[in-house]
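Report on the structure given below.
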Amino acid sequence: MEGSLNAPKCSSWSDSRLLSHPSLARAIFQRVSLAFITHPECQLHEMGEGHPERPERLAAIEDKLITSRLDYVISRHEAPLATREQLLRVHDPDYVDALAALSPKEGLVQIDPDTAMNPHTFRAALRAAGAAVLGVELVLGGKADAAFCAVRPPGHHAERARAMGFCFFNNVAVAAAHALDRLGLTRVAVVDFDVHHGNGTEDAFRNDSRVLMVSTFQHPFYPGSGVEGRSERMVNVPLEAGAGSREFRAAVEQDWLPALHRFQPQLILFSAGFDAHRDDGMAFLRFQESDYSWVTAQVRDVALRYASGRIVSLLEGGYDLDVLGRCVAAHLGELVAW
Ligand SMILES: [Zn+2]
C-alpha cells in the first residue's frame with residue numbers, strides 16, 4: 001500500500017492559489033481525507049485499437065487531478081489484487097476459473113462483441129475489484145473519509161457468471177459484499193449514474209434486502225435492462241434519449257433521495273460513470289459537469305446524515321477524455337467538500 005493516510009500533500013498551508021478554491025481549502029483545514037486508489041496494471045488492459053474503453057482514460061483523470069490541484073488533498077493507494085474469496089461473494093467459481101483460463105498469452109481473446117481480454121486483462125480486473133475492497137476497508141476503518149477508485153476495467157455490467165459491456169468482475173458489487181459479509185454492515189446503497197443500466201449490480205443484489213440500488217440510465221439503450229422489476233430497493237429511473245439536467249435532477253429528487261432517506265444506508269457506493277455527459281459520444285443523454293457536482297453533494301449529504309459520510313466511488317464509464325477528467329474532478333471536489 002502506498003501513500004500517506006492522513007497528511008494532505010500540500011507543501012504550503014498558505015498556498016494562495018490552492019486556498020482560492022473553497023472546496024479544497026475546506027478539505028485541507030478540516031482534514032477531510034480522500035483516498036485515491038489505482039494501479040499501473042489497470043492501464044495495461046487493452047481491447048483493441050480504437051476501443052473507447054482505453055488506457056488513456058486513467059491518464060486523463062491523473063492530468064486533471066494535477067491541473068485542478070485535487071492532487072494536494074488526496075492520499076494515494078495502490079490497489080491490491082482481489083482475492084478469490086472476495087470475488088466469490090458475487091461471482092460463480094466456475095466463471096472466475098473460466099475467465100482465468102481464457103486469459104491469452106498474447107493478442108486478444110474476444111469475450112463478447114465489445115469485450116476482449118489481452119494478457120494483462122485478468123490482473124487488471126483483479127486490481128479493479130481489489131481497489132473496491134481496499135476503498136471499503138479504508139473508509140470503514142476510519143483511515144479515509146471517502147475513497148475513489150480510478151480503475152479499469154469497469155464493473156457494473158458484469159453478472160454473476162457473465163462478462164459483458166467492457167466489464168469482467170463487478171467491482172461495486174464486490175465492494176458491497178465485502179462491507180456486508182466481511183465487515184458486518186447491514187445496509188449498503190449503490191448509486192449508479194452511468195448512462196448504461198447496471199444490470200450486473202442488479203443481478204447481484206436483486207434478492208438481497210441489505211442493498212438499495214438507485215440509478216438513472218438511457219432507455220431504450222444497452223443493455224436493455226432496468227425497466228422491469230422496480231421495487232423499493234431497486235429504484236431504476238430510465239431516461240429517454242435527449243434528457244438532460246432537468247430530468248436527471250428530477251429523478252434524483254423525486255426517486256433517489258426519498259429511497260435513500262428511507263433506507264438509511266451505513267455506506268454509500270457510487271458506480272460513477274460519466275458517459276451521460278452531453279459531450280460524451282457513447283450515448284444520447286445531456287448531463288453537464290455541474291450535474292455531477294450537484295448529485296455528489298446530494299448523496300454526500302445523505303451519507304453524512306446516516307453513514308458518517310462514508311462513500312466509496314468507483315469509476316465505470318466515461319469515454320471522452322477531456323469530459324471524463326473534468327467530471328471526475330467535479331465529483332471528487334464535492335467528495336472533499338464537507
Ligand atoms: Zn456506461
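One-based numbering, in listed order, for ligands and for the atoms of each. Keep in mind that what you see is a predicted model, and the values were worked out from it rather than measured. As a basis for the values below, the full set of heavy atoms in this structure was taken, side chains included, without hydrogen atoms, waters or symmetry mates.
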* Asked: Salt bridge or not for Arg305 and Asp301, using N-O below 4.0 Å?
  -> no
* Asked: the Zn ion (ligand 1) to Asp275: any N/O/S contact under 2.8 Å?
  -> yes
* Taking every non-hydrogen atom, the tightest pair across Val188 and Ala176 -> CG1-CB, 4.1 Å
* Asked: Which other residues end up in the same hydrophobic cluster as Met47, if Ile, Leu, Val, Met, Phe, Trp and Tyr are linked when side-chain heavy atoms come under 4.5 Å apart?
  -> Phe166, Met282, Tyr319
* Asp194 atom (N/O/S) at minimal separation from the Zn ion (ligand 1) -> OD1
* Structure fact -> For the Zn ion (ligand 1), the nearest N/O/S atom on His196 is atom ND1
* Classify the angle between the aromatic ring planes of Phe217 and His197 as parallel (below 30°), tilted (30 to 60°) or perpendicular (above 60°). => tilted
* Asked: Quick check: does His156 put an N/O/S atom under 2.8 Å from the Zn ion (ligand 1)?
  -> no
